[in-house]
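Reading through the structure tokens given below for one structure.
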Amino acid sequence: SETRDQLTAFLQSGIYRFSNSAVPVIFMDPVRVLNRSYSRVRVSPSTYYSRFFSSNVAADGVLRETELSSSSKKRKRKEKKPLTLNEREQAADQRHQQVRPMLLKAHECLIGAAELLGVLRSLSWDSSSTAERREVTVGGTEPSFLELGKVWQAPLYEITLKFPRTCASNENEGDIVDQWCDQRVVPVFDNLVVNEIGDEVEAEFLSRKYVIPRQSCFYMFCLLLHIFACLSLYTHFKSDLGKIHNLIPADPGSGFNLILIDPPWENASAHQKLKYPTLPNRYFLSLPIKKLAHSDGALVGLWVTNRERLRNFVEEELFPSWGVTYAASLFWLKVKADGSLTSYLDLFHHRPYECLLWGYCNGKGESCELLSGMRGTMEDQIVISIPGDYSRKPPVGELLQKYVPGAHLPRCIELFAREMVAGWTSWGNEPLRFQDSHYFSLN
Ligand code: SAM
């Protein structure tokens, strides 16, 4: 009956906690977790999980699951651990060997949870059949914000926020709500766009619809102005950071308590270069983390790759320059719908896991002691999930709530965001990316 309770809790929350493991292990369905940000719409599982399921529903209603990535299969064949490791590779391998037993144990927990595995296969299903699914979407292809931010008109682009009216009629089928009362038209780039109400709002931009969660805001900067203004990439990026400065609170007492960062790290993979621009490590040194942090201190989460050079840079330069003291790691173990790992655990350059480093950015006075106490209680944990779109991370923010210093209702920000979450501020050059109505269906 404990398993049944865990499963019931999972179906509601999207979080399954394994009780039989020394290290905290969680299985997460990001779709269910994200859906807590919405009441009128929901994230459509078939679009979230498009990479690891094909949504072929056969006549008998059985979902045929296929792993789409044939290139990763080729990679598996090609790639082996190098026979002789250089110094850096040896250090990376040592790091891997340290976490390997813990990851294997976590994976065993999942493989042993037969009922949960049964649910996994159906995670990409929309609960209503495809025919019934009422999409919020309008036709056409999704715009690329990265491209739009470069055109000369970018500073003139506007977005219309439509706030819901409580008394509804059924005039506009396909809208998130049936009637909208207040409309607000604001610049979409280089502007903090805020939904301050306790309900999601629909936004319209270039004839496409977007969903803005309750009490959330985004700041999307356009590249154009900076390209004109700056002569080198370095100053170009610094001026992007200038845009972060707009989010620095005048009063540190209203700074952010939780800061999540998923930087566009440079990567050897040519494939990644096509998806979004990347930046050399040193550019991240000037992110004003201390200034964004609340005066009570902040919990800072940084997604890193498994490259040893990057790990050294973070430990030796980046965290110290941000004033962040390391506390614990979260390992994200990636599985397919049948519960198997997305690649061999020991595959040298393409591990089936990524790491999120947590640390504290010190506050003032008393809060310093409080923070070092919290740091001591924070432990490593493992989150297992089926990956969504390329480089999309699972929404782990809420798992950390109890470690966030300061207020009961923490102020949270994600830097380099591609989606929005209720109560959060999202900053980046494409924070509306996964807010396109194409990713949602009506409740
Ligand atoms: N956490 C995101 C998710 O789960 O979908 C993925 C973030 S991805 C690793 C990095 C993001 O940073 C991309 O959206 C990329 O376009 C953006 N980016 C690249 N260069 C940037 C810059 N100079 N300033 C701000 N964002 C940038």
Side-chain angles (χ1 to χ4, degrees), residues 28 30-31 33-34 37 43 47-51 142-150 154 189-190 218-227 229-230 232-247 258-267 269 271-289 292 300-307 310 314 330 332 334 354-357 383 385-399 412-421 424-436 439:
M28 178 187 280
V31 171
V33 173
L34 287 173
S37 285
V43 176
T47 54
Y48 188 96
Y49 287 121
S50 59
R51 256 171 91 209
E142 285 172 59
S144 156
F145 291 102
L146 302 178
E147 293 309 314
L148 282 173
K150 288 183 204 158
F189 287 110
D190 288 339
F218 72 87
Y219 192 106
M220 178 155 70
F221 64 82
C222 76
L223 295 169
L224 179 81
L225 292 177
H226 315 310
I227 289 168
C230 309
S232 74
L233 180 67
Y234 183 61
T235 45
H236 167 205
F237 184 65
K238 284 198 83 144
S239 66
D240 288 355
L241 294 187
K243 298 298 168 186
I244 289 197
H245 277 91
N246 293 345
L247 298 180
L258 178 54
I259 303 176
L260 192 57
I261 312 164
D262 185 13
W265 300 119
E266 277 188 335
N267 194 310
S269 151
H271 177 62
Q272 185 194 5
K273 292 218 166 73
L274 301 175
K275 303 274 178 177
Y276 52 74
T278 56
L279 288 161
N281 294 348
R282 65 180 184 284
Y283 297 133
F284 301 108
L285 290 166
S286 35
L287 281 172
I289 301 302
L292 287 169
V300 178
L302 177 72
W303 285 101
V304 290
T305 67
N306 292 317
R307 279 167 50 231
L310 175 65
V314 170
L330 177 150
W332 172 34
K334 302 176 205 178
E354 290 188 47
C355 184
L356 176 63
L357 305 177
V383 172
S385 78
I386 303 173
D389 212 319
Y390 181 79
S391 191
R392 192 172 184 180
K393 305 299 188 301
V396 294
E398 72 153 87
L399 297 178
C412 309
I413 187 168
E414 181 173 353
L415 305 182
F416 306 101
R418 292 193 300 183
E419 70 189 349
M420 300 179 70
V421 174
W424 282 62
T425 299
S426 300
W427 178 92
N429 57 11
E430 47 178 352
L432 282 185
R433 168 83 161 78
F434 294 121
Q435 298 309 122
D436 188 294
Y439 296 100

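Counting starts at 1 for both ligands and their atoms, in listed order.
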Would you mind listing which atoms of ligand 1 come within a distance below 4.0 Å of any non-hydrogen atom of [X]?
X      : result
Glu414 : 1 (N)
Pro263 : 9 (C)
Leu146 : 16 (O)
Leu279 : 22 (C), 23 (N)
Glu430 : 13 (C), 14 (O), 15 (C), 16 (O)
Pro277 : 16 (O), 19 (C), 20 (N)
Arg418 : 2 (C), 3 (C), 5 (O), 6 (C), 14 (O)
Lys393 : 3 (C), 4 (O)

[X] heavy atom under 4.0 Å from ligand 1:
X      : result
Phe434 : yes
Tyr283 : no
Lys275 : no

[X] versus ligand 1: do any nitrogen or oxygen atoms come within less than 3.5 Å of each other?
X      : result
Trp427 : no
Asn429 : yes
Arg392 : no

Looking only at heavy atoms, what is the nearest atom pair of [X] and [Y], with distance?
X      : Y      : value
Val31  : Val43  : CG1-O, 3.6 Å
Met28  : Pro394 : SD-CB, 3.8 Å
Ser391 : Arg51  : N-NH1, 4.5 Å
Leu146 : Lys275 : CD1-O, 3.9 Å
Pro387 : Tyr49  : O-CD2, 4.0 Å

| query | Can you tell if the side chain of Pro263 reaches within under 4.5 Å of the side chain of Leu279, non-hydrogen atoms only? | reply | no
| query | Who are the side-chain contact (heavy atoms from CB on, under 4.5 Å) partners of Arg392, not counting sequence neighbours? | reply | Leu34, Tyr48, Asp389, Arg418, Glu419, Phe434
| field | Partners passing side-chain contact (heavy atoms from CB on, under 4.5 Å) against Ser37 (at least two apart in sequence or in another chain) | value | Pro213, Val421, Ala422
| request: Between Trp265 and ligand 1, find which residue part has any heavy-atom pair under 4.0 Å and reply side chain, backbone, both or neither. | output: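 Trp265 to ligand 1: no contact under 4.0 Å from either part.
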| Geometric class of the Phe189/Phe145 ring pair [parallel <30°, tilted 30-60°, perpendicular >60°] | perpendicular
| message | Can you confirm if the aromatic rings of Trp427 and Phe416 lie within a centre distance of less than 6.0 Å? | response | yes
